[in-house]
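Okay, structure first, notes after.
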Amino acid sequence: MSIAINGIAHLYITVADFEAALPFYQRLLAFCEMECLVDTDQLYYCVGGRTGIGIRRAASKVPFDPYRAGLHHVCLRARSAEDVALLAAQIEGWGGRLVHGPQTDDWAPGYHSALFEDPGGTCLLYTSPSP
């Protein structure tokens with residue numbers, strides 16, 4: 001017997017420097033048409049696209065490392081390759097780092113992505129669906 005999941009309800013990203021990361025995520029999540037439900041000095045939480053994303057203050061200032069146990073990256077699904085390009089054009093202006101701009105990848109036919117990091121180095125990927 002098995003069961004099928006119905007997507008991801010929410011995810012939390014714990015950031016070492018909440019003050020540096022917060023403006024980046026406020027812009028990113030608003031750009032992705034996500035609505036803020038919680039905005040405190042410990043947590044910024046938005047919902048949209050049947051997903052919740054929370055940015056939480058870390059207990060310590062240990063920087064993000066995608067190769068330690070735990071989260072490697074967060075991948076947000078775009079509606080089109082054009083949306084990937086629109087978002088990628090904003091990242092550096094918001095204080096993030098664009099690792100690679102929009103490109104076609106070989107994960108699947110028609111797969112486009114942009115890889116970027118938040119101000120603390122947390123890896124995020126924005127991808128468009130295959131045709």
Side-chain angles (χ1 to χ4, degrees):
M1 179 175 183
S2 64
I3 61 170
I5 67 166
N6 186 22
I8 294 176
H10 65 262
L11 59 93
Y12 276 63
I13 301 170
T14 304
V15 296
D17 188 342
F18 190 76
E19 286 71 25
L22 183 59
F24 175 82
Y25 281 104
Q26 287 170 326
R27 290 178 180 113
L28 172 66
L29 299 178
F31 191 81
C32 293
E33 298 183 358
M34 298 185 80
E35 178 184 352
C36 179
L37 300 183
V38 179
D39 187 357
T40 70
D41 66 343
Q42 299 293 314
L43 174 66
Y44 184 74
Y45 182 80
C46 296
V47 297
R50 296 185 42 200
T51 303
I53 297 178
I55 310 306
R56 181 173 292 282
R57 181 184 300 275
S60 69
K61 297 278 188 176
V62 175
F64 177 77
D65 178 354
Y67 294 100
R68 73 169 193 277
L71 176 74
H72 183 271
H73 70 271
V74 173
C75 182
L76 303 173
R77 180 170 293 156
R79 296 191 183 273
S80 68
E82 292 79 15
D83 287 353
V84 172
L86 286 171
L87 179 70
Q90 303 298 317
I91 295 303
E92 291 176 337
W94 296 340
R97 184 176 84 83
L98 192 61
V99 176
H100 75 68
Q103 66 183 39
T104 301
D105 296 311
D106 59 3
W107 291 103
Y111 186 94
H112 297 276
S113 73
L115 178 62
F116 57 98
E117 296 176 346
D118 73 10
T122 302
C123 297
L124 296 115
L125 189 65
Y126 198 52
T127 65
S128 67
S130 300

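Only heavy atoms go into these numbers, but all of them, side chains included; no hydrogens, no water, no symmetry mates.
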Close side-chain approach of [X] and [Y], heavy atoms under 4.5 Å:
X    : Y    : value
K61  : D17  : yes
E82  : S128 : no
I13  : Y25  : yes
C46  : E35  : no
L28  : L87  : yes
R50  : N6   : yes
Y126 : L86  : no
W94  : F116 : no

Atom [atom1] in [X], atom [atom2] in [Y]: separation rounded to 0.5 Å?
X    : Y    : atom1 : atom2 : value
E117 : L124 : CD    : CG    : 9.0 Å
L11  : L71  : CG    : CG    : 8.0 Å
R97  : L115 : CZ    : CG    : 8.0 Å
D83  : H112 : CG    : NE2   : 12.0 Å
R79  : C32  : CZ    : SG    : 11.0 Å
F18  : I55  : CZ    : CD1   : 8.0 Å

Atom [atom1] of [X]: over 12 foreign heavy atoms under 6.0 Å:
X   : atom1 : value
Q42 : CD    : yes
E19 : CD    : yes
R68 : CZ    : yes
I8  : CD1   : no

Looking at every non-hydrogen atom in both residues, tell me the closest pair between [X] and [Y] and how far apart they are.
X    : Y    : answer
P119 : A20  : CG-O, 3.5 Å
T51  : M34  : O-CE, 3.3 Å
A85  : P102 : CA-CG, 3.6 Å
V84  : A78  : CG2-CB, 3.7 Å
C36  : D39  : SG-CB, 3.8 Å

Is there a path of hydrophobic side-chain contacts, each under 4.5 Å between heavy atoms of I/L/V/M/F/W/Y residues, joining [Y] to [X]?
X    : Y   : value
Y111 : V99 : yes
I91  : L76 : yes
L29  : V74 : yes

(Q) For the backbone of G120 and the side chain of T122, can you confirm whether one donor and one acceptor N or O come within less than 3.5 Å of each other? (A)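 Checking the backbone N and O of G120 against the side chain of T122, no donor-acceptor pair under 3.5 Å is found.
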**Q.** Linked hydrophobic residues, Y45 as query - side chain contacts closer than 4.5 Å
**A.**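 Joined to Y45, directly or through intermediates: Y12, L37, V38, L43, V47.
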Q: Among residues two or more places apart or on two chains, list those pairs meeting ring-ring contact (aromatic ring centres under 6.0 Å, His included) that have a residue in residues 48-78.
A: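 Residue pairs with at least one partner in residues 48-78: Y67-H72.
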Q) Given the rule in the side-chain contact (heavy atoms from CB on, under 4.5 Å) test, do V15 and Y44 qualify, once you have shown the distances and angles that lead to the verdict? A) CA-CA 11 Å; V15 296; Y44 184 74; over 6 Å; no
Q: Go through the structure and list residues passing side-chain hydrogen bond (donor to acceptor under 3.5 Å, both in side chains) with R56, not counting sequence neighbours.
A: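 Result, side-chain hydrogen bond (donor to acceptor under 3.5 Å, both in side chains) vs R56: none returned.
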